[in-house]
Amino acid sequence: MPEVLLSTQEPVIRYSHYLLRTRREDPTDAEIPSHKLLVKAGFIRQVAAGVFDFTPIAFRVMTRIMEIIRQEMNRIGGQELLMPVLNPASLWIETGRYNAVGAELIRFADRRGTDMCLAMTNEETVTDLARGYVSSWRDLPFMLYHIQTKIRDEARPRGGVMRVREFLMKDAYSFHRDFTDLGAYYVNVYNAYRRIFKRIGLSPVPVEADTGAMGGSASHEFLQPSQSGEDTFARCNRCGMSSNIEKAEVVSTAQAEGSRQAAAEEVHTPNMTTIDDLMSFFGVGPDRFLKAVAYDADGTIVVAFINGAYEINETKLKNALGAMELTVADSRKLTDAGIVPGFISPRIAKLSGVTVLLDRTILSRQAYVMGGDRIDYHVKSAVPGRDFTLSDTVDIASVREGDPCPRCADGTIVLLRGIELGHTFQLGTKYSESMGLTYLSEEGKAAPVVMGCYGIGVERAMASIIEAHHDETGIVWPITTAPFTVMVLPLGADAEVVAAADTTARALSQTYSVLLDDRQESAGVKFADSELLGIPIRAVVSKKLIAKGEVELKVRRTGEVVVVPQKEAPETVRSLLFGLAEKEGVMIDDSWPA
RNA sequence: CGGGGCGUAGCGCAGACCGGUUAGCGCACCUGCUUUGGGAGCAGGGGGUCGGAGGUUCAAAUCCUCUCGCCCCGACCA
C-alpha cells in the first residue's frame with residue numbers, strides 16, 4: 001500500500017516562524033520517555049491535569065496517524081461520520097450506562113435543566129442513529145466510524161499523554177444480523193488493526209481481554225509491550241496464548257500427596273492473621289494455607305478462599321459475582337455478621353448473609369491450614385470436603401509467572417506489561433436490545449442487531465511510537481508518521497548559505513515535507529534540535545559544502561551520511577527513504593515519491 | 001478517594017525554619033558587536049498579582065486559617 005502521506009504540495013515550513021520551541025533540559029515531572037520527549041521537543045503543553053495542547057508539529061504526526069487509520073477503516077468498508085461529544089443523559093439512561101459508569105462520565109445540566117453528559121464513547125449515539133435507519137436484514141451489515149474527542153474524567157491522569165481526560169479516539173461500530181456475521185467481520189477488523197499498527201511502526205500483541213462495563217462476549221486488546229505500559233498480560237512461552245491478567249485463566253496442578261490424612265486439629269496462633277505470619281510459625285510454604293479475602297460486593301459480604309500461594313483477581317471475582325461494585329470489606333461489618341477477621345474458614349458459609357466462593361486453586365492440595373473461626377486459632381490438616389463443604393469452585397485467581405499455560409500441554413506463563421493501543425469488542429446485543437435497534441429477518445421476525453465496537457487512541461499511539469522509536473538524543477520518527485520528511489539546516493548566516501539552503505529546501509519540497517531551520521542559531525543547537533525532533537532525513541548546507549556545490553544528507557535512524565551534489569539531493573533522499581521503508585517494514589508505492 | 005510532595009518570570013529553581021534593602025540565579029527572550037560542523041563569547045536590556053482569599057503585624061514570598069491547582073504512590077480505569 002502506498003504511503004502517500006509523505007508526499008506533499010505544501011511550501012517549505014520555516015522554523016523561525018513555526019510555533020515550536022524545544023527545551024534544553026528534561027522536564028522534571030515527566031517519568032516515561034515519551035512524555036519527556038514530547039515536552040522537551042515542544043510537541044505538547046499541559047493545560048490542566050490530563051489535558052494538553054498539541055502544537056502544530058505534534059498535530060502533523062496525529063494527522064498522519066489518523067490518515068492511516070482512515071485508509072484501513074475505509075478498506076474494510078468503514079463509513080466515516082461525526083457524532084457529538086455532548087450527549088443528552090436520556091440516551092445513556094436507556095442503556096443503563098448513565099448509572100453503571102462512575103464519575104469518569106461527566107454529567108451536568110444544561111441551561112434548560114436537561115441532564116447532559118460528555119461522551120466517553122459513542123455506542124449510545126451510534127445505536128440511536130442506526131435505529132432510525134435499520135429496518136430490514138437487507139440494511140445489514142455496515143460499519144460506521146469517526147475520529148472524535150473523548151472525555152473521561154480519569155481519577156488520575158498519568159504518563160503525559162498516555163492516560164488523559166480528553167483525547168482523540170477512532171471508534172468504529174459494526175452492525176450485523178447475527179453473531180456469525182459479526183465474527184467474520186471481527187476478523188477483518190483484527191487484520192485492519194494489525195495493518196494500522198504495523199504501518200505506524202508498532203507491533204502490539206493481541207491479547208484476550210476482559211469486556212469490563214462494555215459488555216459483550218469476545219474482546220481483544222492490542223498491547224504494545226513496554227515498560228511504560230499500564231496493562232499486565234500473560235503470555236505462554238510455547239503456544240503464544242496471550243491474555244490480559246484480568247482474564248487469564250489459572251490452571252492449578254494437583255500435587256500428589258500421601259493418602260493418609262491426619263485428623264483436623266486446632267492450633268493456637270496468637271495474632272497471626274497473615275500468610276507470612278503463618279508461614280514462619282508453621283515453617284511451610286504459602287501453598288499450604290487457605291487464604292480468605294473478605295469483600296463487600298454491592299452491599300453483601302463475600303468471602304473468597306484461595307490457595308495461599310495465589311492472589312485473588314478482583315476483576316475475575318467481580319465477573320464471577322456479576323457485581324457492580326467491589327471493595328474490601330471493613331472488619332466491623334464482618335464482626336457484625338459473626339465472622340472473625342484474620343481467622344476465617346469456609347465454614348462461615350452457613351452464616352446468613354454471607355457468600356463464600358472457593359477458588360479452583362484449592363483443589364491443588366489435599367489438606368490446608370485454615371482459619372479457626374475464633375480469635376487466635378487456626379485449624380491444621382483441614383481437608384476440603386471433609387472439614388468444610390467443598391462446593392463448586394470458581395476461577396478467581398490471578399495467574400502467576402511460571403504457572404502452567406491453560407491452553408497447551410507444557411507451556412508456562414510469562415507476565416509482561418504493555419500499552420493498550422486498541423481494543424476490539426464483540427458487543428453482541430447489549431446496546432441494540434436496550435435501545436430497541438432491531439431488524440426484520442428474512443422470515444419476517446424482529447431481532448436485535450448484533451454489534452461490534454473497535455477503538456484506537458490517537459495521542460496514545462503517538463506516544464507509543466516514541467516509546468518504541470527513540471534514542472539518547474531524541475525521537476526517531478518512522479517515515480510513515482514523521483511530522484516532516486526532511487529538515488534542512490543552513491549552518492551560518494552567510495547570504496550564500498542562506499540562499500543555497502533555500503534552494504535546496506524548495507527543491508526537496510516539490511516532493512517531501514520540509515522543515516527549514518532558518519533560525520539564527522549555532523550549528524550545535526541546530527544539530528541537537530534536529531535529532532531531538534527526530535525528522536528522518538537531515539540535509540546540511542554549509543559554506544564548505546557550497547564551495548563544492550554539495551549538500552550532506554544524514555539518516556536519523558541509522559546515522560548513515562552521504563554527501564551529494566546539490567542537484568541530486570531529491571533523488572538521494574528518495575533512495576534513502578526506500579532504504580528506511582525496508583528497514584521499518586513499510587511499503588512505499590513506486591509511484592511515490594513522484 | 002487514601003497517602004506523600006510542590007505552587008516564586010515562558011521553563012527549571014533559590015529565598016521561607018529565623019518577617020525588615022529595589023525578590024535573586026540558570027535557561028529562554030530583546031539590542032549591539034564578534035562567532036557559525038555539535039547546545040558560542042562579550043556588553044547592555046525587558047519580563048514578577050511570590051497560585052488565590054482572609055487574618056496577625058509598623059512591616060508578609062516568609063507566620064496563621066481557609067481555598068484552588070499540579071505532581072508522585074496506591075485505589076479506580078467504557
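Bear in mind that the values here come from a model prediction, so they are computed numbers and not experimental data.
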K.L.:
How far does the P atom of B:G26 sit from the matching atom of B:G4, given to the nearest Å?
P.N.:
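The same atom, P, in both gives a distance of 37 Å.
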K.L.:
Heavy atoms only, 4.0 Å cut-off, all strands: where does A:Ala528 land among base, sugar-phosphate and nothing?
P.N.:
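Base: the residue A:Ala528, judged by heavy atoms under 4.0 Å, touches a nucleobase.
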K.L.:
Taking any strand in view, what nucleotide pairs with B:A53 in a Watson-Crick or G-U wobble way, both distances under 3.5 Å?
P.N.:
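Per the H-bond distance test, B:U65.
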K.L.:
Do A:Phe43 and A:Trp477 have their ring centres less than 6.0 Å from each other?
P.N.:
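Yes.
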K.L.:
Below the 4.0 Å mark, does B:G69 have OP1 or OP2 next to a side-chain nitrogen or oxygen of A:Gln46?
P.N.:
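So the side-chain polar atoms of A:Gln46 never come under 4.0 Å of the phosphate oxygens OP1 or OP2 of B:G69.
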K.L.:
Which nucleotide sits closest to the side chain of A:Glu314: B:G12, B:G38, B:C76?
P.N.:
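Within the option list, the nearest is B:C76.
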K.L.:
For atom CD of A:Gln79, is the number of surrounding heavy atoms from other residues, nucleotides or ligands below 6.0 Å larger than 12?
P.N.:
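Yes, the 6.0 Å shell around CD holds more than 12 heavy atoms from other groups.
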K.L.:
Are any protein N/O atoms closer than 3.5 Å to N/O atoms in nucleotides 27-35 of chain B? If there are, list each pair with its distance.
P.N.:
| unit_1 | atom_1 | unit_2 | atom_2 | d |
| --- | --- | --- | --- | --- |
| B:A28 | OP1 | A:Arg24 | NH2 | 3.0 |

K.L.:
Just one of A:Arg400, A:Lys291, A:Lys316 clears the salt bridge (charged side-chain N to carboxylate O under 4.0 Å, His left out) bar with A:Glu311, so which one?
P.N.:
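The salt bridge (charged side-chain N to carboxylate O under 4.0 Å, His left out) with A:Glu311 is passed solely by A:Lys291 among A:Arg400, A:Lys291, A:Lys316.
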K.L.:
Please figure out whether A:Lys543 or A:Arg165 has its closest RNA chain B nucleotide nearer the 5' end.
P.N.:
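First, find each residue's nearest nucleotide; the 5'-ward one identifies A:Lys543.
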K.L.:
Return the pairing partner of B:G20 with a 3.5 Å limit on both distances, Watson-Crick or G-U wobble; otherwise return none.
P.N.:
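B:G20 is paired, partner B:C58.
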K.L.:
Kindly say whether the aromatic ring centers of A:Tyr190 and A:Phe222 come within a distance under 6.0 Å.
P.N.:
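Yes; A:Phe222 has its ring centre under 6.0 Å from that of A:Tyr190.
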K.L.:
May I ask you to evaluate whether A:Arg156 reaches the phosphate of B:C72, defined as a side-chain N or O under 4.0 Å from OP1 or OP2?
P.N.:
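For A:Arg156, the contact criterion (side-chain N or O under 4.0 Å from OP1 or OP2 of B:C72) is met.
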K.L.:
So, A:His176 versus A:Phe142, ring centres under 6.0 angstrom or not?
P.N.:
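So the answer is no for these two rings.
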K.L.:
Please give the distance between the P atoms of B:U62 and B:C1 as a whole number of Å.
P.N.:
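Straight-line distance between the two P atoms is 28 Å.
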K.L.:
If we ignore angles and hydrogens, is there a donor and acceptor under 3.5 Å between the side chains of A:Ser226 and A:Gln224?
P.N.:
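No - no donor-acceptor pair under 3.5 Å links their side chains.
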